[in-house]
Asks: 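Dumping the structure here so I can ask a few things about it.
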Number of protein chains: 2
Amino acid sequence: MKDNMTGDELLKVLEALSNPYRLQIISILYQERQYVSQLARHLGISRPLLYLHLQKLEEANLLIGHHEISKNGKAMKFFELNSFEIKLTEQIIAQLSSSLTKKRKGD
Amino acid sequence: MKDNMTGDELLKVLEALSNPYRLQIISILYQERQYVSQLARHLGISRPLLYLHLQKLEEANLLIGHHEISKNGKAMKFFELNSFEIKLTEQIIAQLSSSLTKKRKGD
DNA sequence: TTCATATGTAATAATTTTATTACACGTGTA
DNA sequence: TACACGTGTAATAAAATTATTACATATGAA
């Protein structure tokens with residue numbers, strides 16, 4: 001993960017990570033890439049809900065999905081993790097928060 | 001910040017940090033401690049709303065508040081930052097997610 | 001006494017996030 | 001053809017988070 005992030009990007013990542021299912025998704029995909037239905041069964045949630053969570057993680061650039069055609073001709077959507085390393089300290093947050101554009105009175 | 005966190009504790013911190021006002025609060029308190037009304041003016045938000053945000057940050061152990069009596073006799077509640085350093089990688093999340101107790105079907 | 005400035009919280013409203021239900025479509029196999 | 005198993009999404013409901021309004025209390029200074 002890039003080291004010079006904006007405040008908005010950091011916030012997006014933090015939002016993406018602030019949900020137990022999404023942490024679990026990362027944990028599962030850390031072990032092996034999976035396709036959507038498989039992952040939904042694994043987590044015990046519906047596909048529509050899983051899509052929502054995957055979308056947030058993907059938008060934060062924490063994972064990436066792509067289609068593949070299986071041997072038996074089925075279209076499968078696989079997701080896999082992007083590698084990342086983010087350090088959170090009060091100082092880093094103080095620096096990045098100057099580039100936050102969201103939800104401020106004056107905007 | 002302690003280095004051996006549980007999944008639930010990590011999640012609490014991530015939830016606390018996933019809001020632009022709360023990142024701003026950290027940024028302001030990184031520069032100097034402030035009392036509640038002062039901080040509210042600084043952010044341009046109401047005290048009740050600020051209390052809500054402060055509470056989430058305090059529950060995640062990112063800051064701490066205490067009362068002081070000013071020279072002119074007013075009771076002031078000051079908040080100051082706790083120092084923290086949290087590293088987020090896919091591996092760390094994978095490890096901690098096993099100790100997540102929230103929102104899982106079987107609970 | 002009245003004003004300005006603190007703290008604190010209860011009740012409610014608005015908004016966003018999370019979750020469910022019900023579809024549509026496609027392919028290989030029995 | 002019917003079934004099992006994939007993808008994808010629209011519409012809606014439920015729940016949680018965020019925000020506002022309206023109070024109550026206290027102190028010092030004008």
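Here is how names work: the chains are called A, B, and so on, in the same order as the sequence lines, proteins then strands, and each is numbered from 1. Quick note: numbers below take in every heavy atom, side chains included, and nothing from hydrogens, waters or symmetry partners.
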Asks: So which of His66(A), His67(A), Gln34(A) actually passes side chain to side chain contact (heavy atoms under 4.5 Å, CB included) with Lys77(A)?
Replies: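 Considering His66(A), His67(A), Gln34(A), a side chain to side chain contact (heavy atoms under 4.5 Å, CB included) with Lys77(A) is found only for His67(A).
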Asks: Between dT17(D) atom P and Arg22(B) atom CZ, what is the distance in whole Å?
Replies: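 To the nearest whole Å, that distance equals 9 Å.
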Asks: Would you please confirm or rule out a distance under 4.0 Å between OP1 or OP2 of dT21(C) and any side-chain N or O of Ser46(A)?
Replies: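 For Ser46(A), the contact criterion (side-chain N or O under 4.0 Å from OP1 or OP2 of dT21(C)) is not met.
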Asks: Using OP1 and OP2 only, check whether a side-chain N or O of Ser70(A) sits under 4.0 Å from dG6(D).
Replies: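 So the side chain of Ser70(A) is outside the cut-off, no N or O lying under 4.0 Å from OP1 or OP2 of dG6(D).
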Asks: Specify the separation, in whole Å, of atom CG of Asn19(B) and atom C1' of dA16(D).
Replies: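 Spelled out: CG on Asn19(B) to C1' on dA16(D) is 14 Å.
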Asks: Can Ile86(A) be reached from Leu14(A) by stepping across I, L, V, M, F, W or Y side chains whose heavy atoms are under 4.5 Å apart?
Replies: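 In one cluster with Leu14(A): Ile86(A), yes.
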Asks: Looking across every strand, which nucleic acid part, if any, lies under 4.0 Å from Lys71(B) by heavy atom: base, sugar-phosphate, or nothing?
Replies: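 No contact.
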Asks: Let's see if you can work this out: which of dT7(D), dG6(D), dA6(C) has an atom nearest to the side-chain heavy atoms of Lys74(B)?
Replies: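 In terms of side-chain proximity for Lys74(B), the closest of dT7(D), dG6(D), dA6(C) is dA6(C).
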Asks: Looking at His53(B), I'd like to know whether one of its side-chain N or O atoms comes within less than 4.0 Å of OP1 or OP2 on dA19(D).
Replies: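 For dA19(D), OP1/OP2 do have a side-chain N/O of His53(B) under 4.0 Å.
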Asks: Could you state the atom-to-atom distance from NE2 of His66(A) to P of dT7(D) in whole Å?
Replies: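 Going from NE2 in His66(A) over to P in dT7(D) covers 12 Å.
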Asks: Of the nucleotides dT7(C), dA19(D), dG8(D), which has the atom closest to the Arg47(B) side chain?
Replies: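 The closest nucleotide is dT7(C).
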Asks: Mapping Ser18(A) and Asn72(A) onto DNA chain C by nearest heavy atom, which one lands closer to the 5' end?
Replies: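 Looking at DNA chain C, the more 5' nearest nucleotide goes with Ser18(A).
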Asks: Side chain of Pro48(B) only, please: which of dT7(D), dT21(D), dA19(C) is the nearest?
Replies: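 In terms of side-chain proximity for Pro48(B), the closest of dT7(D), dT21(D), dA19(C) is dT21(D).
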Asks: Phosphate oxygens OP1/OP2 of dG8(D): is one of them under 4.0 Å from a side-chain N or O of Tyr51(A)?
Replies: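 Checking dG8(D) against Tyr51(A), a side-chain N or O does come within under 4.0 Å of OP1 or OP2.
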Asks: Does anything in residues 28-62 of chain A pair up under ring pair (Phe, Tyr, Trp, His ring centres under 6.0 Å), and if so which pairs, sequence neighbours excluded?
Replies: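 Found Tyr21(A)-His53(A), Tyr35(A)-Phe78(A).
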Asks: Where the side chain of Leu49(B) is concerned, which of dA6(C), dT7(D), dA19(D) is the nearest nucleotide?
Replies: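 Closest of the options to the side chain of Leu49(B): dA19(D).
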Asks: Should Glu68(A) and Arg33(A) count as an ion pair when the cut-off is N to O under 4.0 Å?
Replies: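 Arg33(A) and Glu68(A): salt-bridged.
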Asks: Choose from dT7(C), dT18(C), dT18(D) the nucleotide whose nearest atom is closest to any side-chain atom of His67(B).
Replies: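 Minimum distance to the His67(B) side chain belongs to dT7(C).
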Asks: For Arg41(A) and dC5(D), is the shortest distance between a side-chain N/O and OP1 or OP2 below 4.0 Å?
Replies: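 Arg41(A) to dC5(D) OP1/OP2: no side-chain N or O under 4.0 Å.
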Asks: Would you indicate which nucleotide in dT21(D), dT18(C), dT7(C) comes nearest to any side-chain atom of Tyr35(B)?
Replies: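 The closest nucleotide is dT7(C).
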